Structure formats: structure tokens, C-alpha cells
Protein chains: 2
Amino acid sequence: MSSRLVLAELPQLERRTLADTAYEALADLLASGRLTPGDRLSLRQSAVALGVSVMPVREAVSRLVADGVLEVAPTRAIRVPVMTAQDFRALAETRMAVEGMAAARTAERRSAVELAAIRRAEAAFRGEAGSAEPDGARAVRLNRDLHFAIYAACGLAPLQEIIARLWLKAGPVINLDLRAHPERLLQGYALRRHAETLAAIEARDGPAAAAALAADIREATDFILSRGGLRDA
Amino acid sequence: MSSRLVLAELPQLERRTLADTAYEALADLLASGRLTPGDRLSLRQSAVALGVSVMPVREAVSRLVADGVLEVAPTRAIRVPVMTAQDFRALAETRMAVEGMAAARTAERRSAVELAAIRRAEAAFRGEAGSAEPDGARAVRLNRDLHFAIYAACGLAPLQEIIARLWLKAGPVINLDLRAHPERLLQGYALRRHAETLAAIEARDGPAAAAALAADIREATDFILSRGGLRDA
DNA sequence: TCTTCGGAGATGTGATCACAGATCACTAGC
DNA sequence: GCTAGTGATCTGTGATCACATCTCCGAAGA
């Protein structure tokens with residue numbers, strides 16, 4: 001029993017099921033825009049691609065369907081939902097409300113170290129967007145990192161989960177557009193709104209943080225909608 | 001082809017899988033508080049209880065787990081999560097923020113027929129709560145109906161889905177308490193807040209609606225927390 | 001040339017089997 | 001008398017099979 005103390009130091013090893021791995025793989029495909037709205041997904045094909053049986057893929061897909069990130073058509077075909085412009089607008093409005101609220105809470109209660117983390121994330125994105133040869137995929141990731149650094153400091157775990165799901169849902173549309181028009185992200189809009197949001201968080205000004213972040217989302221949404229890539233019905 | 005017109009009137013019949021049915025059955029068990037925090041769930045036992053194989057149950061459970069309504073312990077046991085008082089408070093705060101926002105939107109944009117539906121729901125709950133022999137389970141359902149009548153009029157489908165998930169998550173705790181202390185729901189608190197919310201919606205006063213609804217949630221939460229039925233850690 | 005029909009292949013759903021690991025009661029050993 | 005080990009049983013996970021149904025492509029018909 002003299003080993004009790006040293007045993008306590010053992011890191012409890014995480015148990016990842018194949019379904020977990022499959023979920024992450026598919027979610028990444030969706031978030032990165034490599035799976036675009038309307039695309040069909042086959043359980044068997046996905047399974048052989050991942051080198052497993054259909055079971056883990058099935059479970060992963062059922063989770064994604066529950067999240068509304070995938071859908072099973074009445075014909076039982078699995079596909080990425082095609083959003084109407086109206087759907088996308090409603091999703092964006094929800095995001096503005098929910099994420100704006102999270103940003104406001106962060107502004108009002110952030111600690112010094114949380115603020116530092118947000119500052120670093122903002123600087124990282126700014127660096128990439130302003131570089132000579134910006135990498136689109138990398139900029140998307142840094143943009144996400146910045147947003148979630150802000151949300152992580154809101155102090156409400158359930159709120160973070162909600163936002164993560166909203167991003168997953170909006171991901172395919174946003175990244176599809178971004179692939180077609182990578183220049184947009186790198187222009188001034190996002191940079192300006194990010195700076196405003198950061199300033200508001202520094203000043204502990206909740207409403208201003210919410211407004212700046214909502215403006216960021218609104219502008220990105222309007223830009224995508226102006227492209228007319230979405231069905232109108 | 002002369003039948004094209006009449007054929008279009010056929011209601012497209014919904015295709016429900018066994019997994020869907022199992023999901024609803026389990027969700028109902030959770031929402032009604034018959035499955036309480038800490039309870040374990042066996043796939044095989046649930047399957048024989050539902051008269052199906054484990055497959056549909058498995059899919060249903062995986063969805064519930066994705067929603068955070070069930071959890072798989074590191075030991076792979078499936079159970080209803082036990083929330084700490086802190087967790088429950090964070091969930092309640094999230095609900096106050098999100099549901100308050102939905103109520104505010106409803107107040108500002110509700111149509112006349114939506115208002116009428118909300119009025120009916122409020123009256124139904126008031127009738128049950130004020131009756132000579134109130135039925136607890138029925139009151140719970142009517143309370144839910146009233147809340148969702150309000151949220152349904154907010155005009156944002158994604159927001160409604162979010163709220164539905166939040167209720168599913170809070171359900172086991174709330175209903176567990178309600179089973180132990182059915183008198184609380186029937187006292188003045190909820191009735192007063194409902195009346196305030198309804199009045200604000202009638203007056204198209206968004207902030208007031210949000211405040212009244214948040215107060216409703218806050219008081220119910222404080223009541224449950226004061227019971228000390230939740231772990232503290 | 002365009003439409004309609006038919007059959008081969010692929011699809012999701014569900015059932016069943018196999019297996020590693022957890023649980024629990026019980027016994028042997030200090 | 002209490003702990004540690006042992007084995008039967010049950011657990012979730014994954015693979016495989018079975019089946020009804022949808023999809024797709026080519027041929028026969030108008």
C-alpha cells in the first residue's frame with residue numbers, strides 16, 4: 001500500500017470509442033466545408049473510408065442528425081441539409097442573440113488571464129489575415145479559436161455547448177462560401193469587429209461587446225446571402 | 001395524369017423508425033421524472049421492455065447522450081447525470097438568458113392568433129393550478145405547454161430547438177423535486193410570473209416579458225436549490 | 001426523341017452474434 | 001473478522017447478416 005500515493009498520479013486514461021472518432025471525423029468534414037449542403041453520405045462508404053464497420057459510423061451519424069447537422073430524407077438517404085436563405089437568416093439571428101449574450105457575459109466577468117487568452121487569439125487571427133500570403137483554412141480556424149476563447153470565458157458551460165452546435169450547423173454553408181470566395185474573410189470587416197469586441201471586453205462593457213460580435217455575425221451573414229448561393233423558398 | 005391534383009393533397013405519411021419511438025419513450029421517462037438523476041439504464045433491459053432489439057434503443061440512447069440528457073460513465077454504464085448545485089445553477093442561468101430572449105422576441109412580434117394561443121395556455125394552467133384537486137402531472141404538462149406556446153411565437157426555429165433541449169436536460173431534476181413536493185408549483189409564484197409575462201406580451205414590451213419569464217425560472221430554481229437535494233461539489 | 005418500365009445494385013434499418021471489460025456475490029487466506 | 005482474489009453474469013461496443021426499399025441505368029415502347 002506504499003504505492004497508493006504514486007498511483008494517484010496516474011492520469012486516468014481516456015476511453016474513446018470508434019463512434020467518438022467517427023463523429024469527430026465527420027464533424028470535421030462538415031465544419032471545414034469539405035462536405036457541402038446537398039451532399040449525400042453513405043454509411044457503408046464512410047465505414048470503409050474510416051476502416052471500421054458501419055456500426056460506429058451509424059452512431060456518429062445519428063448524433064449528427066440529432067444535432068441537425070445531417071438529415072435523413074424521407075427516402076432514408078443521409079445528406080447535409082440544404083438551408084433556404086430564410087433558414088440561414090434565422091440561424092444567424094439566433095447566433096447573434098446567443099453569442100452576443102455570451103460575449104456580454106464575458107465582458108462583464110472575464111478574469112485577467114481569460115482576457116490575455118482572448119488577446120492572444122485576436123492577435124493570432126490578425127496576424128494571419130494581415131500576412132502577405134494568408135492561408136484561408138488557417139484563418140478560418142483562428143477565427144473560430146478567437147470566438148470560442150470569448151465564449152469559454154462566459155462562465156456558462158451549457159451556453160458554450162449550444163454555441164458549438166450552432167457553429168456546426170452553420171459550418172457547411174459558411175465554409176462553402178469561404179472556399180468559393182476566400183478574399184472576404186481577409187478584408188477589413190472581421191478585423192474591425194474583432195477589435196471592437198476585444199475593446200469592449202477590455203472595458204468590461206457588456207452591451208458593446210454583444211453589439212460588436214453581433215455585427216460581426218451579421219456582416220458575414222449578409223455577405224453570404226448577397227452571393228445568392230442559397231435557395232430562396 | 002388527371003389525378004395529379006388530388007394526389008397532391010395526400011398527406012405524406014411520416015416514416016417513424018423504431019429508434020424514433022424508443023427516443024420518445026425514453027425522453028418521456030426523463031421529462032416526467034420517472035427516471036431520476038443517478039438512475040442506471042440497461043440497453044438490453046430497455047430493449048425487452050420496449051419489445052425490440054437493442055439496436056433501436058442504442059441509437060435512441062446515443063442521441064440522448066449527445067444531448068447531455070444521459071451520460072456514459074467511464075465504466076461504460078449508462079445513467080442519468082447527477083448535477084451538482086453549481087451545474088443546475090448554470091443551467092438555470094442559461095435558461096433565463098435564452099428563454100428570456102425568446103419571450104422578448106415573442107412580445108415584440110407576436111401576431112394576434114399567437115397571442116390568443118398563449119392566453120389559452122395561460123388560462124388552462126391557471127385553471128388546473130387553482131382547481132379544487134389539482135393534478136400534479138397535468139399541471140406540469142400545462143406549464144410546459146404555456147412556456148412553449150410563448151417560445152413558438154418567437155419566430156426563430158433554432159432557438160426553439162435549443163430551449164427544448166434545455167428543458168430535457170433540466171427535466172429530471174425539476175420533476176424529481178416536483179414529485180417530492182407537488183405543492184410548490186400550485187402556489188402563487190408561477191401564477192404571478194405567468195400573468196406578468198402574458199401582460200408584457202400583450203403590451204409588446206420585450207424587456208418586461210424577458211424579466212418576468214426569467215423571474216419565473218429563477219424562483220423555481222431557487223426553490224429547488226433551497227431543498228438541498230443536489231450535491232454541492 | 002422522349003417516356004416508361006424493369007432489374008441489378010446499393011441504401012438504411014433492425015436483429016443477432018462475439019467479445020472485452022465491469023459488477024457482484026462468495027470463498028480462501030491472513 | 002476483514003481483506004483480497006475468483007468466477008458467473010451482465011454490460012456496452014463492434015461486426016455481420018437479413019431484408020424491405022430506394023436509386024440508377026439501360027431497353028422497350030410510343
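Chain identifiers are assigned alphabetically (A, B, ...) following the order of the sequence lines, protein sequences preceding nucleic acid strands; residue numbering begins at 1 within each chain. Only this structure's heavy atoms are used, side chains among them; waters, hydrogens and symmetry mates stay out. Keep in mind it's a predicted model, so treat the numbers as computed, not measured.
When heavy atoms are screened at a 4.0 angstrom cut-off, A:Q45 is found touching the sugar-phosphate backbone but no base atom. Looking at heavy-atom distances under 4.0 Å, B:V54 makes contact with a base. Using a 4.0 Å heavy-atom cutoff across all strands shown, B:A77 reaches no nucleic acid atom at all. Nucleic acid contact for B:R16: none, since no nucleic acid atom lies under 4.0 Å from a heavy atom of the residue.
In the model, B:R34 has a side-chain atom that pairs as donor or acceptor with a side-chain atom of B:S32 under 3.5 Å.
In this structure, A:R40 atom CZ and D:dT23 atom C1' are separated by 7 Å, rounded to whole Å. Computed from coordinates, the B:L18 CG to D:dA20 C1' distance equals 13 Å when rounded to whole Å. Taking atom CD of A:E59 as the reference point, atom P of D:dG12 lies 12 Å away to the nearest angstrom. Computed from coordinates, the B:R79 CZ to D:dG12 C1' distance equals 15 Å when rounded to whole Å.
Using a 4.0 Å cut-off between a side-chain N of Lys or Arg and a carboxylate O of Asp or Glu, A:E114 and A:R110 do not qualify as a salt bridge. The existence of a salt bridge linking B:R89 and B:E93 is excluded, since no basic side-chain nitrogen approaches an acidic carboxylate oxygen closer than 4.0 Å. In summary, B:E128 and B:R141 do not engage in a salt bridge, as defined by a charged side-chain N under 4.0 Å from a carboxylate O. A salt bridge links B:E24 with B:R16: the distance from a Lys NZ or Arg NE/NH1/NH2 to an Asp or Glu carboxylate oxygen falls below 4.0 Å. By the 4.0 Å N-to-carboxylate-O rule, A:R15 lies too far from A:D20 to be salt-bridged with it.
Projected onto DNA chain D by closest heavy-atom contact, A:R76 and A:P56 fall at different nucleotides, the more 5' of which corresponds to A:P56. Positionally, the nearest nucleotide of DNA chain C for A:V72 lies more toward the 5' end than for the other of A:R15 and A:V72.
Set against C:dT16, D:dT13, D:dT23, the side chain of B:M55 has C:dT16 as its closest nucleotide. The side chain of A:L43 has C:dT13 as its nearest neighbour among D:dC22, C:dT13, D:dA15. Comparing C:dG12, D:dG14, D:dG12 against the side chain of B:I78 picks out D:dG12 as the nearest. Between C:dA18, C:dG12, C:dG14, one nucleotide has an atom nearer to the side chain of B:R44 than all others, and that is C:dA18.
Remark: nothing in residues 60-71 of chain A comes within less than 4.0 Å of DNA chain D through any heavy atom.
Phosphate contact (OP1/OP2 of C:dT11, side-chain N/O of A:T75, threshold under 4.0 Å): absent. OP1 or OP2 of C:dT11 has at least one side-chain nitrogen or oxygen of A:S42 nearer than 4.0 Å.
The only option from B:T221, B:L166, B:V173 that meets the side-chain contact (heavy atoms from CB on, under 4.5 Å) definition with B:L91 turns out to be B:L166.
Residue-to-nucleotide contacts include no donor-acceptor pair under 3.5 Å from the side chain of B:R58 to the base of D:dG12.
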